[in-house]
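What follows is a single structure, written as structure tokens, with notes after it.
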Amino acid sequence: MTSAQDLPAPLLVLDSICKTYPGVVALRDVTITVMPGEVLALIGENGAGKSTLMKILGGVIAPSSGRIIIDGLAHDRLSVAQSQGAGIAFVHQELNVFDNLDVAANIFLGRELRSGPFGLVDVRAMRAAAQPLLDRVGARFGPATSVAELSLAERQLLEIAKALSLDARVVIMDEPSSSLTLKETQVLMKVIADLKAQGIAVIYISHRLGEVEHCADRVVVLRDGQVAGGLTRAEISHDAMIRLMIGRDLKALYTPPARPLGPVILELEGVRNSTNPNAAASLSVRAGEIVGVAGLVGAGRTELAEAVFGITRLRGGSVKLDGAPLDISSPRSTIAAGVYLVPEDRKRTGLVLESAICENISMADLGSVSSRGLVSEARLHARAEAQRTRLGIKTADVDRKAAELSGGNQQKVVLGKWLSMRPRMIIFDEPTRGIDVGAKAEIYRLMRELADAGVGVMMISSDMEEVIGVSDRIVVLREGEVAGALDRADFSEHNVLKLAVGAH
Amino acid sequence: DKPQLAFVVNAASDFWKLAEAGVKKAQEELPGYDLQFRYPVQGTAALQNSLMDDLVAAGTDAIMISSADPKNSIDAFNKIAAQVPLFTTDSDAPASNRIAYLGSSNTAAGVQAGEIAVKALPDGAKCMGFVGFLGADNAVERIAGFRQAVEGKGIELVDVRGDDVDFGRARSNVDDVLAANPDINCMVGFYSYNPPKIYEALQAAGKLGQITVIAFDEDPITLGAVREGSFAGTVVQDPYQWGYQGMHLMAKYLEGDKSGVPADGLIIVPTKVIDKDNVDAFEAELKARIGG
Amino acid sequence: MQKKDLGLAVLIIVVGFVVYLRNPLFLSPINLANTANLIGLFGLFAIGQGFVIMTGGIDLSVGSMIALLGVLFVELIGKYGVPWPLAMLIVIAAGTVMGLAHGLLITKLKMQPFVVTLCGLLIYRGVARGYTGEATAGFPFGATFPEVEWLTIGRSFGVPHSFIAMLLVGVICWVILHRSVFGRHLYAVGKNEDAARYSGIRTDAVVIAAYVICAVLTSIAAIYFAMFTRSVQPSSHGNFYELYAIAAAVLGGFSLRGGEGSIVGVMLGALLLQELQNLVNLLGIPSSLNFAVMGAVILAGVLADQQFTRYRERQRARAMELRGQDGRSAAG
Amino acid sequence: MQKKDLGLAVLIIVVGFVVYLRNPLFLSPINLANTANLIGLFGLFAIGQGFVIMTGGIDLSVGSMIALLGVLFVELIGKYGVPWPLAMLIVIAAGTVMGLAHGLLITKLKMQPFVVTLCGLLIYRGVARGYTGEATAGFPFGATFPEVEWLTIGRSFGVPHSFIAMLLVGVICWVILHRSVFGRHLYAVGKNEDAARYSGIRTDAVVIAAYVICAVLTSIAAIYFAMFTRSVQPSSHGNFYELYAIAAAVLGGFSLRGGEGSIVGVMLGALLLQELQNLVNLLGIPSSLNFAVMGAVILAGVLADQQFTRYRERQRARAMELRGQDGRSAAG
Ligand SMILES: Nc1ncnc2c1ncn2[C@@H]1O[C@H](COP(=O)(O)OP(=O)(O)OP(=O)(O)O)[C@@H](O)[C@H]1O
Ligand SMILES: Nc1ncnc2c1ncn2[C@@H]1O[C@H](COP(=O)(O)OP(=O)(O)OP(=O)(O)O)[C@@H](O)[C@H]1O
Ligand SMILES: [Mg+2]
Ligand SMILES: [Mg+2]
């Protein structure tokens with residue numbers, strides 16, 4: 001198999017792994033080798049099978065066939081305990097934190113530190129041991145914080161800290177940075193470098209190719225459940241990775257607006273939220289432009305979007321759509337006005353995972369596929385099929401549960417829900433979180449199309465490449481306030497970060 | 001197939017074990033019949049009535065029933081009576097088309113209990129009653145009979161506490177009365193399990209003998225307490241006879257012999273007062289019946 | 001009819017056939033009519049319970065509601081001589097208010113459904129018992145109400161009207177749950193309330209509506225029960241009926257986590273439970289074992305259904321795998 | 001003690017004070033001891049229920065278990081003359097087997113807890129009724145079992161031993177739930193079972209253990225109850241006790257969705273319920289209103305607690321706001 005005799009023995013080998021789900025072949029004969037101390041990036045489009053492969057390695061699911069060889073010992077399948085015992089730590093793509101426990105308890109869950117004659121939990125020792133881990137990932141919360149109070153990004157940092165706490169030889173990170181902003185991502189890169197220096201191997205999954213380019217020693221690309229190829233350190237480049245992932249080149253991210261800027265569509269005036277009740281944010285979105293909203297973790301962007309969409313109450317200020325006050329008393333009223341939100345957490349708020357794809361697409365607008373209160377199955381399906389074709393949702397049929405789709409395809413279903421209606425203004429909150437480059441480009445194209453059609457587009461994003469690459473104007477939030485706005489000419493990572501952090 | 005006779009009771013209770021013994025005895029003497037003794041799943045008239053529907057559907061030839069709610073089951077009774085001969089026991093529904101009633105009078109039993117009280121408490125007293133279902137016919141009649149008998153004798157039945165046949169609550173009701181009403185010096189247990197709970201509560205509080213207790217039915221604890229002198233007395237019915245005579249009555253009726261049915265349709269098996277003097281004889285008789 | 005319902009139907013038929021072999025009177029018209037009547041009575045409020053369970057909630061108060069509203073109905077027409085259509089309206093209005101109260105407490109004050117309806121269970125029964133002073137509410141001797149009786153305990157061509165009422169309600173509820181926009185919203189709310197809200201569904205209104213539907217069907221059932229028993233003993237009437245309703249729904253494929261279930265399923269569930277009751281009486285099994293038989297059959301039924309579903313899924317997966325290999329060898 | 005528990009404690013004290021004003025005998029040693037005894041009895045299995053609810057499950061079978069195991073215990077020592085320590089062991093072993101069965105059916109065969117334990121409710125009671133033939137299992141007159149009686153219904157310094165037993169069990173369970181590794185895992189499993197599994201927790205074992213703990217505590221309670229009533233009527237003994245246990249847990253801050261609750265809370269919940277029962281008798285409220293009073297107070301209590309929590313949160317938010325302004329003006 002591997003040709004080189006002079007290489008050290010591989011740490012682990014995933015040998016001819018196959019995995020089938022009812023209706024899907026997720027993995028087909030995948031063989032991957034991991035060497036000690038290397039950073040192996042695993043990339044591929046949504047649904048390529050990356051998470052599935054890692055779950056097999058993490059002992060969460062069993063392969064249909066194939067072997068897992070660790071230290072020369074072959075296993076047909078692993079249990080979570082076996083996997084952990086073999087020194088494999090796993091940062092899951094879906095966040096697996098417990099919001100009824102505190103940070104330290106989460107980090108040491110399953111491996112609690114004990115003391116005393118009865119082996120009771122040693123809370124103090126765990127908190128003490130957790131603090132350095134939190135420092136390492138640059139977390140601004142303490143080990144005694146209740147997880148219920150953490151934002152999505154903070155929870156992601158917690159997951160990384162948890163993986164570090166394991167005495168691991170391999171750390172799997174399945175999209176650890178999907179909610180992280182530049183600052184935390186930089187910390188993460190440093191963490192990876194540290195691990196590498198200690199001889200710990202890292203399997204890194206990300207759709208942010210910049211990060212991959214920055215940290216990977218080797219890249220393996222999955223496509224449709226099979227290995228599409230690999231790249232050595234020297235070969236790694238954006239273009240090369242994209243070519244392997246989607247089999248063709250990709251155009252530049254940014255397309256300029258096709259028409260001059262129109263009138264103001266959405267206008268926020270002194271909007272105040274409960275987390276930062278003294279900070280007021282004012283911003284506006286004009287027809288024809290894409291407004292990017294940047295900020296550090298917890299800057300209050302999601303909160304702002306949810307308040308405008310009618311989920312949470314505003315504590316002050318006004319919201320106008322096309323110059324007239326917008327009724328933001330409930331999502332129902334904002335949806336009726338044509339203001340839509342693509343939420344940050346699609347598992348929790350974007351989709352009804354246990355419902356069929358077609359149900360999800362018509363969820364917000366059943367009225368138009370029904371007559372006299374009764375739903376027409378035919379119209380429901382026609383509408384879903386239309387979106388499936390338009391967005392390229394990868395699925396055997398639209399009657400499948402949304403839960404069975406990969407993350408990216410799930411996001412497309414959320415988009416399909418809104419695009420099949422009459423948008424006036426769409427707020428995208430982290431629209432490409434966990435989405436592959438191919439789909440990302442599609443989504444950017446869609447946003448641009450919407451803007452060109454006169455729909456207001458606001459894009460909240462923590463992905464710097466994306467904010468800079470896609471927006472026509474960037475508004476930076478800091479602790480609930482608008483710290484400043486940048487026009488295209490002034491775009492740079494440095495400028496965005498300066499505003500986000502505050503000029504101290 | 002042998003003709004089938006069924007005896008349907010109103011709820012699961014030890015009291016009916018005696019009737020069941022009577023039915024067993026009758027079965028020995030009536031080999032040509034198939035005798036059934038049925039408990040409903042719960043003590044509600046609705047369930048009893050659908051149990052009777054099912055029995056008729058399954059080919060039963062005559063039924064004797066102790067209804068949980070005879071007054072309001074007239075139509076259900078008439079529906080059954082139109083198909084098979086129907087008899088009532090324990091509590092009657094004279095307005096229905098039942099053939100006859102076999103049992104005792106709860107009012108008379110209440111009066112007898114009142115008389116025990118009058119005899120034991122010549123100086124008057126304040127009584128507290130305990131019962132399972134406050135609204136059930138037998139409870140209402142016994143309470144009324146008791147009140148009637150003590151009327152003007154200086155004895156007052158202050159209140160009756162219900163417990164829904166939850167033994168735990170039956171016990172804690174007594175405990176609570178002992179704690180909350182120190183002026184109570186007489187207690188009446190209207191359902192068979194109430195007197196034992198009174199006994200246990202008094203025993204725990206060290207008040208056995210200080211409070212006069214009047215009981216109903218023949219729970220072993222009750223009889224023991226009567227023998228010991230802790231209880232003034234108990235009023236017993238004779239469910240054994242209900243089961244025994246009832247089956248013979250129905251068998252004869254099916255054979256065409258209607259002489260057992262009096263003109264007024266009432267066959268009263270008298271209730272007895274058991275006190276210290278006759279308790280031993282009574283218990284011996286009971287043992288013989290259940291053992292045999 | 002969904003596959004899950006089919007399994008239940010098979011179970012019902014098998015049990016029925018076994019009983020028939022042991023006692024052919026099981027299929028006699030009179031026994032069928034008696035059982036159909038009970039199925040109708042229990043089916044009515046089991047369907048209502050289905051709507052609540054669909055939202056991921058539960059309504060423990062139905063047994064007590066049947067007692068309280070039964071007392072109300074009997075007193076209204078029996079004691080106060082209120083015309084029966086008005087009495088029915090009053091009872092259903094009272095039920096609606098209770099359902100509304102449950103729904104509002106659950107959605108607006110964010111209380112747990114279990115708590116709210118547990119309090120309902122206690123309060124309604126308490127009020128019924130307190131109001132009557134534990135006495136049984138019944139009609140005076142000889143009182144007849146021909147129209148109400150025809151509607152409730154009457155029969156047409158031997159079919160009890162309660163059964164027909166359940167079928168009618170079943171059809172309407174089937175359309176509501178499986179074909180209407182409201183039904184879709186109900187499924188969505190049951191599966192993921194947050195996501196439903198983010199899609200502009202008025203989740204609170206949907207949940208409240210479910211509790212109101214349950215309460216309305218329960219009040220109709222209360223009228224049927226009151227006319228069937230012709231009297232209501234407030235301390236025992238309807239005891240444990242909530243468990244019957246929930247058991248019927250669960251047998252019928254509803255998940256207590258919400259978002260799953262069908263109307264046909266819950267009606268079949270109610271049918272099976274009554275078949276079991278009938279079986280105990282017909283086969284002369286001691287009534288004391290009634291509960292045990294019922295429990296054992298529910299357990300076995302749910303278990304068999306589940307194992308069968310899993311088996312089928314595994315078969316399907318295997319078939320796919322084979323197809324996948326074929327595809328590969330063809331490509332290779 | 002958590003803040004939530006504090007609210008409950010306040011409610012208990014307020015209710016107690018009101019009752020005391022109306023009838024000072026409420027605080028008489030004899031009444032306190034009687035009530036403490038009942039709190040002990042109910043608290044024992046309410047704590048067990050807490051463990052099950054913590055996993056997001058429910059155990060509806062406890063009332064029936066108390067009946068069946070009560071019958072077993074009474075028959076063993078009363079009729080068969082088995083030495084009492086052995087009889088206790090047998091009863092607890094039988095309970096363990098039941099809990100194990102529940103846990104295995106729920107985890108290994110993936111059945112819903114509600115269904116499994118509903119079947120338990122039916123089957124255990126059915127068996128108890130069938131085994132005794134509906135007769136009450138009781139001791140002969142005058143039979144005494146000094147050691148068992150001392151253990152169960154005895155008192156030391158006026159404090160009933162059942163209450164002491166509950167306190168002991170409470171302390172042990174407090175350590176288990178709030179300080180042990182198993183407790184952490186229980187919280188994690190209750191919140192998110194899948195995620196707990198990904199963390200390497202043997203979720204099945206944790207869930208099974210919760211059901212076993214519940215069953216063991218219930219069997220201990222069954223022994224105490226049997227000795228308290230001294231006779232067990234299989235059709236009514238322990239009826240609805242599962243609702244008491246669940247109500248105690250919910251009052252005590254447990255969420256039926258799992259992952260939330262405390263031992264102190266459930267004990268206070270059991271205390272409040274018994275206080276309410278006692279109040280009805282002490283104030284001479286008609287027994288028929290017992291249920292209504294209990295329901296109304298639970299509703300009011302949970303509601304008040306919730307509103308109070310919300311109010312406090314709002315206060316806190318406002319305080320933060322003020323502090324924020326100060327901070328700003330200082331900085332500006
Ligand atoms: N539980 C499941 N049931 C059925 N199909 C599944 C299940 N989980 C994953 N799949 C399918 O397996 C394939 C691989 O999914 P996987 O989550 O591994 O993709 P991925 O590469 O991690 O994608 P993403 O970048 O979107 O996270 C997809 O087609 C997906 O639909
Ligand atoms: N459930 C919650 N409970 C308490 N505080 C929360 C909760 N969710 C968010 N917050 C806090 O609210 C503030 C604003 O969070 P928000 O999610 O709006 O930020 P954001 O800019 O979208 O950042 P990101 O999504 O990247 O975390 C943060 O301080 C966060 O910690
Ligand atoms: Mg993935
Ligand atoms: Mg955000």
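Every chain is numbered from 1, with letters handed out A, B, ... down the list of sequences. Since the structure is predicted, the reported quantities are computational estimates derived from the model, not experimental observations.
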Original post:
Considering all heavy atoms of both residues, which atom of A105(A) and which atom of R184(D) are nearest to each other, and what is their separation?
Top reply: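 In this case the closest contact between A105(A) and R184(D) is CB-NH1, 3.3 Å.
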**OP:** Compare every heavy atom of F98(A) with every heavy atom of S199(D), then report the nearest pair and how far apart it is.
**Re:**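 Reported closest heavy-atom pair: OG-CE1, 4.2 Å.
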How long is the straight-line distance from [atom2] of [Y] back to [atom1] of [X], given to the nearest 0.5 Å?
X       : Y       : atom1 : atom2 : answer
S180(D) : L120(A) : OG    : CG    : 6.5 Å
I61(A)  : Y198(D) : CD1   : OH    : 8.0 Å
S79(A)  : R197(D) : OG    : CZ    : 12.0 Å

Subject >> Flag side-chain contact, heavy atom, 4.5 Å: V175(D) against F118(A) >> reply: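 No, too far: nothing below the 4.5 Å cut-off.
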Subject >> Residue part contacting chain D, namely of L101(A), when any heavy atom lies under 4.5 Å >> reply: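 Side chain of L101(A) only, per the 4.5 Å heavy-atom cut-off to chain D.
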Subject >> Heavy-atom neighbours of R77(A) CZ exceed 12 at 6.0 Å >> reply: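 Count over threshold, so yes.
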**OP:** Using a cut-off of 6.0 Å, state whether more than 12 heavy atoms not belonging to Q131(A) lie near its atom CD.
**Re:**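 More than 12 heavy atoms, drawn from other residues, nucleotides or ligands, come within 6.0 Å of this atom.
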Original post:
Under a 4.5 Å heavy-atom cutoff, which of D194(D), V181(D), I201(D) has the most pairs with chain A?
Top reply: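 It is V181(D).
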Subject >> Heavy-atom pair count under 4.5 Å with chain D, highest-scoring of V123(A), V80(A), V121(A) >> reply: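 With the most close heavy-atom pairs to chain D, the winner is V121(A).
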Subject >> Donor-acceptor contact present, side-chain N100(A) to main-chain E260(D), <3.5 Å >> reply: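 No; zero donor-acceptor contacts below 3.5 Å.
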